[in-house]
Asks: 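Input: one structure, supplied below.
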Amino acid sequence: MSNTTSTAALTQLAEDEILLRDSVSEFAEAQIGPHVREMDEHAKLPKELLKQLFDLGVMGIEIPQQYGGGGATFFHAVLAVEALSAVDPSVGVLVDVQNTLVINAIIRWGSDDIKKRYLTRLASDTVGAYALSEAGSGSDAFAMAAKAVADGDGFVIDGRKLWITNGNEADIFIVFANVNPEAGYRGITAFMVERGMAGFTVGKKEDKLGIRASSTCELILEGCRVPKANILGEVGKGYKVAIETLNEGRIGIGAQMIGLAGGALKHALRYTKERKQFGKAIADFQLVQAQLARAATEIEAARLLVYNAARLRDAGKPFLTEAAMCKIFSSEVAERVTSLAINLYGGYGFVKDYPVEKLWRDAKIGQIYEGTSNMQLVTIAKQILG
Ligand SMILES: Cc1cc2nc3c(=O)[nH]c(=O)nc-3n(C[C@H](O)[C@H](O)[C@H](O)COP(=O)(O)OP(=O)(O)OC[C@H]3O[C@@H](n4cnc5c(N)ncnc54)[C@H](O)[C@@H]3O)c2cc1C
């Protein structure tokens, strides 16, 4: 896949990037759009939709072609997540976790054997999940209680993971556990765990405020034996796998947030042109025009931050600060724009017959997962203070 040159504008896309974005957008409008409300209401993702996403090629965007994937870039994944999230941020995060966390970590840290065994499945029909958080360790992720004890040619994992996106749909899980709690974070190790392994079960699914069709589940590991061959990276280096993957993953959340905000603005533009008060369309009022213009400007600014962070990552340049900035800013823009969209719909914005209240509920998660806004500020402050 080709990339734009370094002198190109950030939003100037290469032909293959335009093709991907437009085909995913068309798919989302036609195939997901009609089901969004029902999926939200029932907090469920139709099984057929998963198959469609694999057929569309968005479940293995960066997977090298030798394993059956798209062989494309991180930026392509960002475009796909943005396009899907404009219609349904729940589908956006499913695809985001698959690509920017699970596949990304395996490509970077997996042995040839792990790549062969898992990338092939992830590219064709299997959903993945990324399990770091626990009930007692969120922002302080390395304070995890999950333990792994060496046992012959493997490890036995005991612990519980909480809040795991895709928990319901996934068959492959990257699970973090500590092999040597006395060594602190230097004991953390990443393991490839499969549904069906003895001692591993997917527990309760959360009933959430937003992104309700995205499953968020507890994982229970009770004497779960995992072969050594399933260690992702090195023993005691799981903290690096976690940090580095999440640094990149949060650009994907930025993409989810700009997609979501763009979707809300699109609804607001359409509605304000149709809705008449005082004898004219409400979009004819200058005050409304200014609100819409400000929202469009904020989304554009957020998009530039997201695209820049993604392009820096693909170029192999440092992007830590930019990634944190894109996530915090785009999630705040998403909250503001979706809130404005509700205001512009008036009473209709407050009811479920119209799409904007859902997007507002969905926006809230952007400030929480893959590092809360406070944690992004901590990262940015550390970088700028030196
Ligand atoms: C829908 C959903 C999906 C998720 N998906 C996944 C997933 O797939 N995999 C996974 O591993 N995890 C996942 N998570 C977990 C998510 O990453 C954590 O919820 C998040 O990191 C925050 O952790 P916490 O909930 O324990 O909050 P806490 O860490 O307890 O934070 C509570 C508050 O304290 C603030 N705070 C904490 N420490 C500091 C500090 N040092 N300075 C300033 N403020 C601070 C936080 O900013 C926040 O406002 C998901 C969560 C949700 C809700």
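In what follows, every heavy atom counts, from backbone to side chain, and hydrogens, waters and symmetry copies are set aside.
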Asks: Charged N to carboxylate O under 4.0 angstrom, Asp362 versus Lys358?
Replies: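 Looking at Lys358 together with Asp362, the answer is yes, because their closest N to O distance falls below 4.0 Å.
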Asks: Can you list the steps and then say if Glu17 with Arg311 is a salt bridge (charged side-chain N to carboxylate O under 4.0 Å, His left out)?
Replies: CA-CA 12 Å; Glu17 293 168 345; Arg311 290 210 192 274; 3.4 Å; yes
Asks: Going by heavy atoms in the side chains, are Thr120 and Tyr67 under 4.5 Å from each other?
Replies: yes
Asks: Hey, are the side chains of Ile251 and Lys327 touching, using non-hydrogen atoms and a 4.5 Å cut-off?
Replies: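 No, too far: nothing below the 4.5 Å cut-off.
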Asks: Does any non-hydrogen side-chain atom of Lys228 lie less than 4.5 Å from one of Val235?
Replies: no
Asks: Any side-chain donor-acceptor pair under 3.5 Å between Tyr345 and Glu357?
Replies: no
Asks: Considering only NZ, NE, NH1 and NH2 on the basic side and carboxylate oxygens on the acidic side, decide whether Lys51 and Asp125 come within less than 4.0 Å.
Replies: no
Asks: In terms of side-chain geometry, is the basic nitrogen of Glu300 or Arg303 positioned less than 4.0 Å from the acidic oxygen of its partner?
Replies: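 Salt bridge: yes.
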Asks: More than 12 non-hydrogen atoms from neighbouring residues, nucleotides or ligands closer than 6.0 Å to NZ on Lys208, yes or no?
Replies: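 Buried by this count: over 12 neighbours within 6.0 Å.
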Asks: Take Glu244 and Tyr239, measure what side chain to side chain donor-acceptor pair (under 3.5 Å) needs, and give me the verdict at the end.
Replies: CA-CA 8 Å; Glu244 293 189 14; Tyr239 72 93; over 6 Å; no
Asks: Output, in order, the C-alpha distance, side-chain angles, deciding distance and verdict of side chain to side chain contact (heavy atoms under 4.5 Å, CB included) for Lys276 and Lys280.
Replies: CA-CA 5 Å; Lys276 291 201 165 59; Lys280 52 184 176 177; 6.0 Å; no
Asks: I'd like to know if Glu248 pairs up with Arg313 as an ion pair, taking the criterion as any Lys NZ or Arg NE/NH1/NH2 lying under 4.0 Å from an Asp or Glu carboxylate oxygen.
Replies: yes
Asks: Return yes if some donor-acceptor pair links the side-chain N/O of Asn166 with the main-chain N/O of Ala129 below 3.5 Å, else return no.
Replies: no
Asks: So that I can tick it off, tell me whether Glu182 and Lys147 are bridged by a salt bridge, with the cut-off set at under 4.0 angstrom between side-chain N and carboxylate O.
Replies: no
Asks: Have Lys161 and Ser133 got a donor and an acceptor in their side chains that come within less than 3.5 Å?
Replies: no
Asks: Do Gln367 and Thr372 get their side chains close enough for a donor-acceptor pair, meaning under 3.5 Å?
Replies: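 The criterion, which ignores hydrogens and geometry beyond distance, is not satisfied for Thr372 and Gln367.
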Asks: For atom CZ of Arg195, is the number of surrounding heavy atoms from other residues, nucleotides or ligands below 6.0 Å larger than 12?
Replies: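 Yes, CZ of Arg195 has more than 12 neighbouring heavy atoms, counting only those of other groups under 6.0 Å.
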Asks: Is there a side-chain contact between Glu82 and Leu79, using heavy atoms and a 4.5 Å cut-off?
Replies: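 In contact.
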Asks: For the residue pair Asp16 and His76, confirm or rule out a side-chain donor-acceptor distance under 3.5 Å.
Replies: yes
Asks: Is Arg37 salt-bridged to Asp353, going by a charged N under 4.0 Å from an acidic O?
Replies: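 Yes, this pair counts.
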Asks: With no hydrogens and no angle check, is any side-chain donor or acceptor of Thr189 less than 3.5 Å from a backbone partner on Gly187?
Replies: yes
Asks: Give the intermediate values and the outcome of side chain to side chain contact (heavy atoms under 4.5 Å, CB included) for residues Phe142 and Ile243.
Replies: CA-CA 10 Å; Phe142 296 161; Ile243 291 177; 3.6 Å; yes
Asks: Is the gap between the ring centers of Tyr130 and Phe176 under 6.0 Å?
Replies: yes
Asks: Side-chain contact, heavy-atom cut-off 4.5 Å: Thr321 with Thr379?
Replies: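 Contact flag for Thr321/Thr379 side chains = no.
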Asks: Does Arg121 reach the side chain of Asp171, with side-chain heavy atoms less than 4.5 Å apart?
Replies: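 The answer is yes; the side chains approach within 4.5 Å.
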Asks: Identify which one of Glu218, Met144, Glu134 satisfies the side-chain contact (heavy atoms from CB on, under 4.5 Å) criterion when paired with Arg160.
Replies: Glu218
Asks: Please determine whether side chain to side chain contact (heavy atoms under 4.5 Å, CB included) holds for the pair Ile220 and Phe200, giving the CA-CA distance in whole Å, both sets of side-chain angles, and the decisive distance to 0.1 Å.
Replies: CA-CA 6 Å; Ile220 302 155; Phe200 174 68; over 6 Å; no
Asks: Do the side chain of Asp158 and the main chain of Gly223 share a donor and acceptor less than 3.5 angstrom apart?
Replies: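 Confirmed, Asp158 side chain pairs with Gly223 backbone.
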Asks: Could you tell me if the side chain of Glu335 sits less than 4.5 Å from the side chain of Lys364, heavy atoms only?
Replies: yes
Asks: Under 6.0 Å from the CZ atom of Arg294, do we count more than 12 heavy atoms belonging to anything else shown?
Replies: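 No - once you tally the heavy atoms of other residues, nucleotides and ligands closer than 6.0 Å, there are 12 at most.
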Asks: Does Tyr348, at its OH atom, have more than 12 non-hydrogen atoms belonging to other residues, nucleotides or ligands within less than 6.0 Å?
Replies: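 No - once you tally the heavy atoms of other residues, nucleotides and ligands closer than 6.0 Å, there are 12 at most.
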Asks: Do you reckon Val93 sits in the same ILVMFWY cluster as Met39, going by side-chain contacts under 4.5 Å, direct or chained?
Replies: no
Asks: Show your reasoning for whether salt bridge (charged side-chain N to carboxylate O under 4.0 Å, His left out) applies to Lys273 and Asp284.
Replies: CA-CA 8 Å; Lys273 283 195 260 183; Asp284 288 340; over 6 Å; no
Asks: Taking Ala43's backbone N and O only, do any of them form a donor-acceptor pair with Lys205's side chain (distance below 3.5 Å, no angle check)?
Replies: yes
Asks: Given side chain to side chain contact (heavy atoms under 4.5 Å, CB included), test Lys237 with Val241 step by step and report yes or no.
Replies: CA-CA 7 Å; Lys237 292 281 167 62; Val241 179; 5.5 Å; no
Asks: Give a yes or no on whether a salt bridge exists between Lys116 and Asp112, defined as a side-chain N under 4.0 angstrom from a carboxylate O.
Replies: no
Asks: So Val127 and Met59, do their side chains get closer than 4.5 Å, heavy atoms only?
Replies: yes
Asks: Does one side chain, of Asn104 or Thr100, offer a donor that lies under 3.5 Å from an acceptor on the other?
Replies: no
Asks: Under the 3.5 angstrom rule, does the side chain of Asn99 hit a backbone N or O of Val95 as a donor-acceptor pair?
Replies: yes
